[in-house]
Amino acid sequence: MGGTLENVLAIVLCLAIPIVLIVGLIYAYVSKNRNDYKLRSELLHSQLDPQTVALLLRKPDKQSAGQNRFATLRTALLAIFMGVGALVADVFYNSGLMFWLIVVLFVGVGMLLSFIIEWRLSGRRPVDEAAEDSEPSPADNGQDE
């Protein structure tokens, strides 16, 4: 009896996961387009000049945004640590939940390492140093003397 229930549950989950993923992606696409349409219509009905509207509606380039700058590094570290985690889990815990917990633990370590490398390579400074540099000096207080 237990084997049959597990087989039915596996089939249901194998079918449910892609369906939920497809429905979620379609919903995200439709809501993004709806929000873009609302924003454009509100900007057109406002009393802004055409240059400001064009500037507000301009989409940033992917290279200037830097979103995919470290995608290869992230994917490589994720795959390497997933493989190492599966190897370690297979050697020490050959079956069950412990196998997947170790794989997930190593994937998390890989993603954390990727974050640290990206943070160092991007040259970001800690928040305290950035806040000190951006504070206006007394001479730049905007008052005319």
Side-chain angles (χ1 to χ4, degrees), residues 2-137 139-142:
T4 308
L5 182 62
E6 289 176 357
N7 291 342
V8 170
L9 184 63
I11 291 171
V12 168
L13 287 178
C14 286
L15 293 176
I17 291 172
I19 291 171
V20 168
L21 180 67
I22 290 169
V23 169
L25 289 174
I26 290 172
Y27 177 76
Y29 178 76
V30 168
S31 64
K32 179 187 176 298
N33 285 341
R34 186 180 329 134
N35 290 339
D36 287 347
Y37 176 76
K38 285 180 183 178
L39 176 67
R40 288 176 188 272
S41 62
E42 287 180 20
L43 284 174
L44 290 174
H45 292 300
S46 66
Q47 299 299 325
L48 294 174
D49 58 313
Q51 290 84 12
T52 305
V53 172
L55 184 65
L56 289 173
L57 293 178
R58 186 182 63 183
K59 294 186 180 192
D61 297 336
K62 284 190 174 186
Q63 290 180 351
S64 65
Q67 293 175 353
N68 293 331
R69 185 173 170 199
F70 297 106
T72 306
L73 171 71
R74 191 177 308 123
T75 305
L77 284 174
L78 187 67
I80 288 170
F81 275 88
M82 185 183 298
V84 169
L87 183 65
V88 168
D90 190 43
V91 168
F92 292 110
Y93 300 98
N94 202 6
S95 65
L97 180 65
M98 205 59 180
F99 175 83
W100 293 109
L101 289 175
I102 291 174
V103 170
V104 168
L105 176 73
F106 272 85
V107 166
V109 169
M111 292 181 77
L112 181 65
L113 185 63
S114 170
F115 170 76
I116 292 171
I117 291 171
E118 288 176 26
W119 185 61
R120 294 270 174 111
L121 289 177
S122 66
R124 294 186 182 146
R125 295 179 296 184
V127 176
D128 296 337
E129 290 179 18
E132 289 174 5
D133 292 344
S134 65
E135 291 179 8
S137 63
D140 294 338
N141 60 6

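Side chains are part of it too, since the values below use all heavy atoms of this structure and drop only hydrogens, waters and symmetry mates.
- Contacts of K38 classified as side chain to side chain donor-acceptor pair (under 3.5 Å), with partners at least two apart in sequence or in another chain: none.
- Although no hydrogens or angles enter the test, the distance criterion places a donor-acceptor pair under 3.5 Å between the side chain of S41 and the main chain of Y37.
- For N35, there are no side chain to side chain donor-acceptor pair (under 3.5 Å) partners, not counting sequence neighbours.
- Put simply, the side chain of L77 reaches to within 4.5 Å of the side chain of I117, judged on heavy atoms.
- Distance check, rounded to the nearest 0.5 Å: CG of L121 to CZ of F70 gives 5.0 Å.
- Distance check, rounded to the nearest 0.5 Å: CZ of F106 to CG of L101 gives 12.5 Å.
- Using a 4.5 Å heavy-atom threshold, the side chains of M111 and V107 count as touching.
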**Request:** Decide side chain to side chain contact (heavy atoms under 4.5 Å, CB included) for L9 and L5; before the verdict, give the C-alpha distance in whole Å, the side-chain angles of both, and the deciding distance to 0.1 Å.
**Result:** CA-CA 6 Å; L9 184 63; L5 182 62; 5.5 Å; no

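- Nearest heavy atoms, A89 versus F99: CB-CD1, 3.3 Å.
- The shortest side-chain heavy-atom distance between L21 and L25 falls under the 4.5 Å cut-off.
- For the side-chain hydrogen bond (donor to acceptor under 3.5 Å, both in side chains) with D36, the qualifying choice from R40, K32, R34 is K32, the only one to do so.
- Residues forming a side chain to side chain donor-acceptor pair (under 3.5 Å) with Y29 (at least two apart in sequence, or on another chain): N33.
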